[in-house]
Amino acid sequence: MSAQAVATEPESDIVIDVEGLTKSFGGPPVVKNLTMQVHKGLIYGFLGPNGSGKTTTLRMLCGLLTPDSGRGTCLGYDIRTQTADIKRHVGYMTQRFSLYQDLSIRENLEFVARIYNLDHPRQAAQDAIVRLGLENRADQLAGDLSGGWKQRLALGACILPQPELLLLDEPTAGVDPKARRDFWDEIHKLAHEGLTVLVSTHYMDEAERCHEITYIAYGEILAHGSVAQVVADAHLSTYTVTGPDLSDLAEYLKTLDGVDMVAPFGVELHVSGRDGAKLDTATATLRAEGPQVWTQGEPTLEDVFIDLMSKTKDNYA
Amino acid sequence: MSVESDVDRRTRGFRASFSRLRATFIKEFLQLRRDRITFATMIFIPLMQLLLFGTAINTNPRHLPTAVLIQDDSSFARSFLAAMRATDYFDISTSASSEEDLDHLILSGKVQFGVQIPAHFGRDLIRGDRPAILVIADATDPTATGSAVAALNGLSQTVFSRELTGAAASLAPKKPPYDLRVHLRYNPAIETRLNIVPGLMGTILTLTMLIFTGLSVTREIERGTMESLLAMPIRPVEIMLGKIAPYVVVGGLQMTLILSAARLLFGVPIEGSLPLLIALTLLFIVANLSVGYTFSTIATNQLQAMQMSFFFFLPNMLLSGFMFPFRGMPQWAQNFGEVLPLTHYLRIVRGIMLKGATFVDLQLDVLALALFTLAAMALAVARFRQTLD
């Protein structure tokens, strides 16, 4: 669906276009030879474990970090030389709450409105407060807000100057499910209005709400495409196992050749292998004799990511 | 794309720059108002320093405790003691019984001066034997004794004029063949507070201004707000001016407070032009704010910024002529002192308040302050890290 939409879109609709970005902070590179393109109006998910280079990449895109090598554009502006232009058109929401805790919600929003020289900063801030549903808390200090409200406020501040691109760095970390859902509804609404959103996250359910995803680990892109594409490209065969003694079974399965990943999901066990035939052979006796029930299943995105993770870990071990 | 052109229109040019400056100014002011401890320090540091230093420091002390050992019962001895008392420098509080006793009184610090008038002083004097009066001064603190000793020397001309008449008139000291007239201008009574209180205005402003802006950038880094700020289209020079401006207002308040206290509590005159004094004090405030801001761009945390501020404050206090006479310092120290803003401000503030100096008299110092400010600001803007690299 979205993958096809991407394919038919003309070149000029590319909002982020970077090639070979590399960045290190003295040690080994945090981001290695990263190449990516993001199309206009899409919600682009940026996934990966902690320390995989997500934040560094976002910072390079909005001009907060200078890449060691590589080149590219963001909204058509060069990420090395035109950072001032990028900053005028990009809204960047940091991972850590970075509005002023000792200013009220209203004061924070008015500050942003004045920085971007909006015509009527007070009115713009008031409109944002109403839109965010923060009327009752407008004069509360930002530092006193709960996690969910802080994140809403941060998003509100980001979109106040009407950016064309939103960069959100783990915006829903530590936020309850209801607030997360509201947040994603808002993001979809914004994307529908034409805003491009690049969002980094840990959560698989959030990844499935993105039009396109990229999985990055150790600074390298391991998978890319729509969710369906990524799952299909992984070529994983998966069985879902139910029944008694699953933990003992899991320990045993891990020793079998042909079984690449065993992961418990509640009362189920997901057993996956990269080579379907090998997996079938290895588990043939178990499947025939029980006592557990084996059913052929579709791998989930999480299965794919855990597999990708273990694969890279092997490469680095 | 209408959105794009709209953003471009809004965020480019001089008016946009002014709006960003204004945003930072308002933000800093709100934060300042909410930070009660800082607010309290702003008022109490100057008041406390002024009251403590202004009343405690006196480099020309009078009424120093003095012990006497009188072994002669002539009227000359009595006249001498009376004349000593009359200088106001000596408070003859103790009578020693022996030379050992006198030594002990000096050694134990009970008295600052010991005076011994030997036996037969009056008789020997009349005989023309030039008898000696011994004055022992505790000179561990030279400033405390210097003026008193000088006053004592001055006595010799006149002290026995009443006794040495008639036959003894030939023994009276001869007048030198010329008159030496010393005019102590601007502070004829040599009152220390007239020197100290204007100087205090300089040191207090240096200390508080340095600390205020010294913390401003590092605080944003420590609280994590710098990342957002840097992701916004604001220039380093706008951040700097927006952060300095609120404290110029604060510095102005402190100046008003100190000037009022100087006038009302300490009776320090303002001989020169008050508007000139205010204008140049504001320049001095900006100079220190920009130094503090520069430290803030170099330091990586608030503690470091604080240490740098003190590192800068110390030479200002010691080598500017506030603590010790500027011309008493070795040449290298004087050269170093010329670089410090407080040195120039002390000349300005003492010049205007005590001597009635005008702009023309002070133009070199004003120039030095202005150059210093510009250099500090240029360094701060150059040092400001626009990325998180």
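These numbers were taken from a predicted model, which means no experiment stands behind them. Sequence lines set the chain letters: A, B, ... in the order given, protein chains first and strands last, and positions in each chain run from 1.
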Within the supplied structure, the quantity of interest is the number of heavy atoms (other residues, nucleotides, ligands) at a distance under 6.0 Å from [X] [atom1]; does it exceed 12?
| X | atom1 | answer |
| --- | --- | --- |
| A/R80 | CZ | yes |
| A/F25 | CZ | yes |
| B/I37 | CD1 | no |

Work out which heavy atom in [X] is nearest to a heavy atom in [Y]; give both atom names and the distance.
| X | Y | answer |
| --- | --- | --- |
| A/S98 | B/G224 | CB-O, 3.1 Å |
| A/F111 | B/A23 | CD1-O, 3.4 Å |
| B/A231 | A/Y92 | CB-CD2, 3.7 Å |

Query raised in the report: Are any non-hydrogen side-chain atoms of B/R223 and A/Y100 less than 4.5 angstrom apart?
Result: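 Side-chain contact under 4.5 Å: no.
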Report task. Check whether any side-chain N or O of B/T387 sits under 3.5 Å from a backbone N or O of A/L65 as a donor-acceptor pair, and report yes or no. Result ->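 Side chain of B/T387 to backbone of A/L65: no pair is present.
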Report task. Name the option with the most non-hydrogen atom pairs under 4.5 Å to chain B; the candidates are A/V90, A/T83, A/D119. Result ->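 Ranked by heavy-atom pairs under 4.5 Å with chain B, first place is A/D119.
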Requested in this report: Examine whether an atom of A/D85 lies under 4.5 Å from a heavy atom of chain B, and if so say whether it belongs to the side chain, the backbone or both; otherwise answer neither.
Outcome: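 Only the side chain of A/D85 comes within 4.5 Å of chain B.
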Query raised in the report: Tell me, side chain or backbone of A/R88 under 4.5 Å from chain B's heavy atoms, or both, or neither?
Result: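 For A/R88, backbone and side chain are both near chain B.
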Requested in this report: List the steps, then state whether side chain to side chain contact (heavy atoms under 4.5 Å, CB included) holds for B/M232 with A/V112.
Outcome: CA-CA 9 Å; B/M232 293 182 190; A/V112 174; 3.9 Å; yes
Query raised in the report: Which residues in residues 132-149 of chain A have any heavy atom lying under 4.5 Å from a heavy atom of chain B?
Result: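 So the qualifying residues are A/L141.
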Query raised in the report: Could you go step by step and tell me if B/I234 and A/K87 meet the side chain to side chain contact (heavy atoms under 4.5 Å, CB included) rule?
Result: CA-CA 9 Å; B/I234 185 165; A/K87 287 173 183 177; over 6 Å; no
Please state whether the side chain, the backbone, both or neither of [X] comes within less than 4.5 Å of a heavy atom of chain A.
| X | value |
| --- | --- |
| B/E238 | neither |
| B/R34 | side chain |
| B/L21 | neither |
| B/L230 | both |
| B/L388 | both |

I need the [X] [atom1] to [Y] [atom2] distance, nearest 0.5 Å.
| X | Y | atom1 | atom2 | value |
| --- | --- | --- | --- | --- |
| A/E107 | B/I26 | CD | CD1 | 10.0 Å |
| A/L103 | B/R33 | CG | CZ | 10.0 Å |
| B/R10 | A/I115 | CZ | CD1 | 13.0 Å |

Query raised in the report: In terms of heavy-atom pairs under 4.5 Å with chain A, which of B/M226, B/R20, B/E227 leads?
Result: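 Winner by heavy-atom pair count: B/E227.
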Report task. Using a cut-off of under 4.5 Å on heavy-atom pairs, state which of B/E220, B/R22, B/R15, B/R12 scores highest against chain A. Result ->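 Most heavy-atom pairs within the cutoff with chain A belong to B/R12.
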Query raised in the report: So, A/K23 and B/D389, do they make that salt bridge, N to O below 4.0 Å?
Result: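 Here A/K23 pairs with B/D389 in a salt bridge, since their nearest N and O are under 4.0 Å apart.
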